[in-house]
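What follows is a short report on a single structure.
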2 protein chains.
Amino acid sequence: MMETDEVCGITAIDRKKVEHVEQNLPESNRIEKMAGFFQAFSDPTRLRIVLSLELEELCVCDIATIAGVSVSAVSHQLRYLRNMNVVKKRKQGKMVYYTLKDEHIREVIRTVFEHIREG
Amino acid sequence: MMETDEVCGITAIDRKKVEHVEQNLPESNRIEKMAGFFQAFSDPTRLRIVLSLELEELCVCDIATIAGVSVSAVSHQLRYLRNMNVVKKRKQGKMVYYTLKDEHIREVIRTVFEHIREG
DNA sequence: TTATTATTTGAACGATTGTGCAAATGTAAT
DNA sequence: ATTACATTTGCACAATCGTTCAAATAATAA
């Protein structure tokens, strides 16, 4: 017989390991926040927008051209990215120009991108 | 009048910028792959699984306990993560133990995690 | 063999997501 | 004022997602 135990109706095979993990895992809040961060880059259109803004400050219309979707769709995604603190906007007359919010975002993107290349 | 131009029915405000971005953007294939990579970590349950496997090699049942979802749900997510080359399995008798696939994944996770902490 | 346990798989379900359309808002030009 | 144009917003809809349940595999124990 293995070291088996009943916990909440689920069979925990190795209680020590489970406890070790549960004690060292970030709290749920943080994990959800982190997952949300990843989610911001998990859609091809959104990622293309972000990568574009790493190269140039762009207006909504130009982003739509580059992303190959409607201006409306881009606007929706930009709002999403703004809420996630990934991009910021600069208004100039009728136009609204978007850029990445800070260097921090740039570095994360670059890091992951490098690792993708290797993998 | 601004430097405006009709392209595919979409008004391109600044053709130079658009061309510069389009020429320096990764190709669609790569962007989609990269987005897929991010997507692997964009769900709280999946991210919790990955973070757990960074700490310990775990069987499916223990992962379910830690993640707080059914064994079935975990198995589905593990298959997803296996297809994405994030985790690998080791079979031992009835049990199947999972670990992160390589150090590469570990480093990406750590990097992003650090940046999240700061931001 | 039969029973038990761990995992996987497929189907079904509600929830979320990304999109385009149409209307609304904001801003500048005529 | 009216027109023109960039952007935003609300709605609807199809597609995808994450989950559980139940059945199927796989492997050990009795």
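These numbers were taken from a predicted model, which means no experiment stands behind them. Sequence lines set the chain letters: A, B, ... in the order given, protein chains first and strands last, and positions in each chain run from 1.
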Query - Nucleotide nearest A/Val69 (side chain, heavy atoms from C-beta), chosen from D/dT7, C/dT19, D/dT19 - result: C/dT19
Query - pair A/Val87-A/Lys101: side-chain heavy atoms closer than 4.5 Å - result: no
Query raised in the report: If each of A/Ala73 and B/Ala73 is mapped to the nucleotide of DNA chain C with the nearest heavy atom, which maps nearer the 5' terminus, i.e. the 5' end?
Result: B/Ala73
Query raised in the report: What is the distance, rounded to the nearest whole Å, between atom CZ of A/Arg90 and atom P of D/dA6?
Result: 16 Å
Requested in this report: Kindly give the heavy-atom pair with the smallest separation between B/Ala35 and A/Asp43, and that separation in Å.
Outcome: CB-C, 4.0 Å
Requested in this report: State whether B/Glu54 and B/Arg106 are salt-bridged, where the test is any N-O pair (Lys NZ or Arg NE/NH1/NH2 against Asp/Glu carboxylate O) under 4.0 Å.
Outcome: no
Query raised in the report: Which pair of non-hydrogen atoms, one from B/Tyr98 and one from B/Ile63, has the smallest distance, and what is that distance?
Result: CB-CD1, 4.3 Å
Query raised in the report: A/Tyr80 OH to C/dT19 C1': how many Å, rounded?
Result: 15 Å
Query raised in the report: What is the nucleic acid contact for A/Tyr98, judged by heavy atoms within less than 4.0 Å: base, sugar-phosphate only, or nothing?
Result: sugar-phosphate
**Report entry** Length of the OH-P vector between A/Tyr97 and D/dA6, whole Å
**Finding:** 10 Å
Query raised in the report: How close or far is atom P of C/dT8 from atom CE of B/Met95, stated in whole angstroms?
Result: 11 Å
**Report entry** Nearest-angstrom distance from the residue atom CG of B/Asp43 to P of D/dT16
**Finding:** 17 Å
**Report entry** Any side-chain donor near an acceptor of the partner, A/Gln77 and A/Arg79, under 3.5 Å
**Finding:** no
**Report entry** Atom pair distance, as rounded to whole Å: CG in B/Leu81 and C1' in C/dT8
**Finding:** 15 Å
Query raised in the report: Taking side chain as C-beta onward, heavy atoms only, is A/Cys59 less than 4.5 Å from A/Val96?
Result: no
Query raised in the report: Between C/dT19, C/dA6, D/dT19, which nucleotide gets closest to the side-chain atoms of B/Thr45?
Result: D/dT19
Query raised in the report: Is there a side-chain polar atom (N or O) of B/Arg46 under 4.0 Å from OP1 or OP2 of D/dG18?
Result: yes
Query raised in the report: Separation of A/Arg48 atom CZ from C/dT19 atom P, in whole Å?
Result: 11 Å
Requested in this report: Check A/Ile49 against A/Leu81 and note the closest heavy-atom contact, atom names and distance.
Outcome: CG2-CD1, 4.1 Å
Requested in this report: Ignoring backbone atoms, establish whether B/Gln77 has a side-chain N or O less than 4.0 Å from OP1 or OP2 of D/dT19.
Outcome: yes
Query raised in the report: Are any of B/Gln39's side-chain N or O atoms less than 4.0 Å away from OP1 or OP2 of D/dT16?
Result: no
Query raised in the report: Roughly, in whole Å, what's the span from CD1 in A/Ile13 to P in C/dT4?
Result: 17 Å
Query raised in the report: Which nucleotide sits closest to the side chain of B/Arg79: C/dT19, C/dT9, D/dG18?
Result: C/dT9
Query raised in the report: Mind checking whether B/Arg82 and B/Lys88 have side chains closer than 4.5 Å, heavy atoms only?
Result: no
Query raised in the report: At under 4.0 Å, does any side-chain N or O of A/Ser72 touch on OP1 or OP2 of C/dG20?
Result: no
Report summary line: Under a 4.0 Å heavy-atom criterion, the protein footprint on nucleotides 23-30 of chain D, written with B, S and -, is ---SBS--
Query - side-chain N/O A/Lys89 vs D/dT8 OP1/OP2, d < 4.0 Å - result: yes
Query raised in the report: Does the ring of B/His76 lie flat against the base of D/dT19, closer than 5.5 Å centre to centre with planes under 30°?
Result: no
